[in-house]
Amino acid sequence: MSDFFISCVFKIILSFIAGFIFGLERKFRQQVVGMRTLILICCSSSMLSILSEWISIQSGAADTARIAAGVISGIGFLGAGVIMKTGLNVKGLTSAAVIWADSTIGLCIGEGLYIPSFFLLAVFILSLVLLEKIEKRWFPAGRSKSLHLTFNVGKMDMAHLRKVVVETGFVINDVNITQLLETEQTIVHYSVSAPKINDYSKFIDELNKVAPLLEVSITG
């Protein structure tokens, strides 16, 4: 077996490891993109990079950057597939970025840039794991929660209610309102980014000033 093909096998193995590590990180977070997907992307990108080099060797003159450019352009379609919009919320942006990063590392391994590739992989994984903890600690409004409120009125001042919720520190991402005509009740469900609050008694008092409150629940 020639040195070129030994090098190909080595590169594919490294690509498998890189994709596997990315996949583990996504699976631990219960994201749509998993190990198999990221392994396939990384190994395929690496192989396409090898193919570009092989074409150059066989033809003697070829634009080796063309295949890599095509991979980077095409990977955008896969990234778009994991981005989902629910109401005012957009999910999957990080997973889309992981797909693009995974492809980049695969291309780098395919070109034989082993040390830069795994240094980049380490930076990516540390960013995904450690920066999330920093964001949760220093930017608590990033915690996604569901705020469910039931009022004993058929009609109410929604502008006043929104003001109370926002002034408490919640960032409203989406809202659903249900009015029960038979019982004259109003049910409001907010999807929010919540601050770290240990005592909600003041918040509940303010809600009761808006309208008689029957039930309040904060989950997430």
How many angstroms lie between atom OG of Ser217 and atom CG of Leu147, to the nearest 0.5 angstrom? 7.5 Å
Any chance CZ of Phe118 has more than 12 other-residue heavy atoms, nucleotides or ligands included, within less than 6.0 Å? yes
Specify the closest pair of heavy atoms between Thr150 and Leu213, including all atoms of both residues, with the distance to one decimal. O-CD1, 3.5 Å
Residue pair Leu121, Ile17: steps toward the side chain to side chain contact (heavy atoms under 4.5 Å, CB included) verdict: CA-CA 10 Å; Leu121 176 62; Ile17 294 170; 5.8 Å; no
Any link between Val216 and Leu214 through a network of hydrophobic side chains (Ile, Leu, Val, Met, Phe, Trp, Tyr) touching at under 4.5 Å? no
Greater than 12 external heavy atoms within 6.0 Å of Phe119's CZ: no
Within 6.0 Å of CG in Leu126, more than 12 heavy atoms from elsewhere: yes
Under 4.5 Å between side-chain heavy atoms, counting indirect links through other Ile/Leu/Val/Met/Phe/Trp/Tyr residues: same cluster for Val98 and Leu40 or not? no
Closest non-hydrogen atoms of Leu207 and Phe151, given as atom of the first, atom of the second and distance, are O-CE2, 3.7 Å
Tell me whether Ser15 contacts the main-chain N or O of Lys11 through its side chain, where contact means a donor paired with an acceptor under 3.5 Å. yes
Derivation and outcome, side chain to side chain contact (heavy atoms under 4.5 Å, CB included), residues Ile187 and Glu215: CA-CA 9 Å; Ile187 300 173; Glu215 181 185 358; over 6 Å; no
Do Phe22 and Ile105 have side chains that approach each other closer than 4.5 Å (heavy atoms only, starting at C-beta)? yes
Check the hydrophobic clustering (I, L, V, M, F, W, Y; side-chain heavy atoms under 4.5 Å; chains of links allowed) and say if Val9 and Tyr114 are grouped together. yes
Met156 and Thr186 have their tightest heavy-atom pair at SD-CG2, 3.8 Å
Tell me whether Leu149 is reachable from Ile177 by hopping between hydrophobic residues (I, L, V, M, F, W, Y) whose side-chain heavy atoms are closer than 4.5 Å. yes
Shared hydrophobic cluster for Ile109 and Leu113 (ILVMFWY, side-chain gaps under 4.5 Å): no
Lys163 vs Val210, test: side chain to side chain contact (heavy atoms under 4.5 Å, CB included). Steps then yes/no. CA-CA 10 Å; Lys163 182 180 178 182; Val210 178; over 6 Å; no
Please give me the minimum heavy-atom distance between Gly19 and Asp102, naming the atom from each residue. CA-OD1, 3.7 Å
Parallel, tilted or perpendicular: ring planes of Phe170 versus Phe203, cut at 30 and 60 degrees: tilted
What residues form a salt bridge (Lys or Arg N to Asp or Glu O under 4.0 Å) with Lys209, not counting sequence neighbours? Glu206
For Glu184, look at atom CD and say whether over 12 heavy atoms of other residues, nucleotides or ligands are found less than 6.0 Å away. no
Any donor-acceptor pair under 3.5 Å linking the side chain of Ser46 with the backbone of Ile12? no
Distance in Å, Ile21 CD1 paired with Cys42 SG, rounded so as to fall on 0.5 Å steps: 9.5 Å
Which heavy atom of Leu107 sits nearest a heavy atom of Ser45, and at what distance? CD2-O, 3.4 Å
Scanning both residues in full, the closest heavy-atom pair of Val153 with Pro212 reads CG1-CD, 3.7 Å
Sidechain-backbone polar pair: Ser103 side chain, Ile99 backbone, donor-acceptor under 3.5 Å: no
Kindly compute the distance separating CD (Gln185) from OG1 (Thr178), expressed to the nearest 0.5 Å. 11.5 Å
Out of curiosity, Ile39 CD1 to Phe20 CZ, how far, rounded to the nearest 0.5 Å? 6.5 Å
As an exercise, state the distance from CD1 of Ile125 to CG of Leu24, rounded to the nearest 0.5 Å. 8.5 Å
Do the side chains of Leu161 and Tyr190 get nearer than 4.5 Å, heavy atoms only? yes
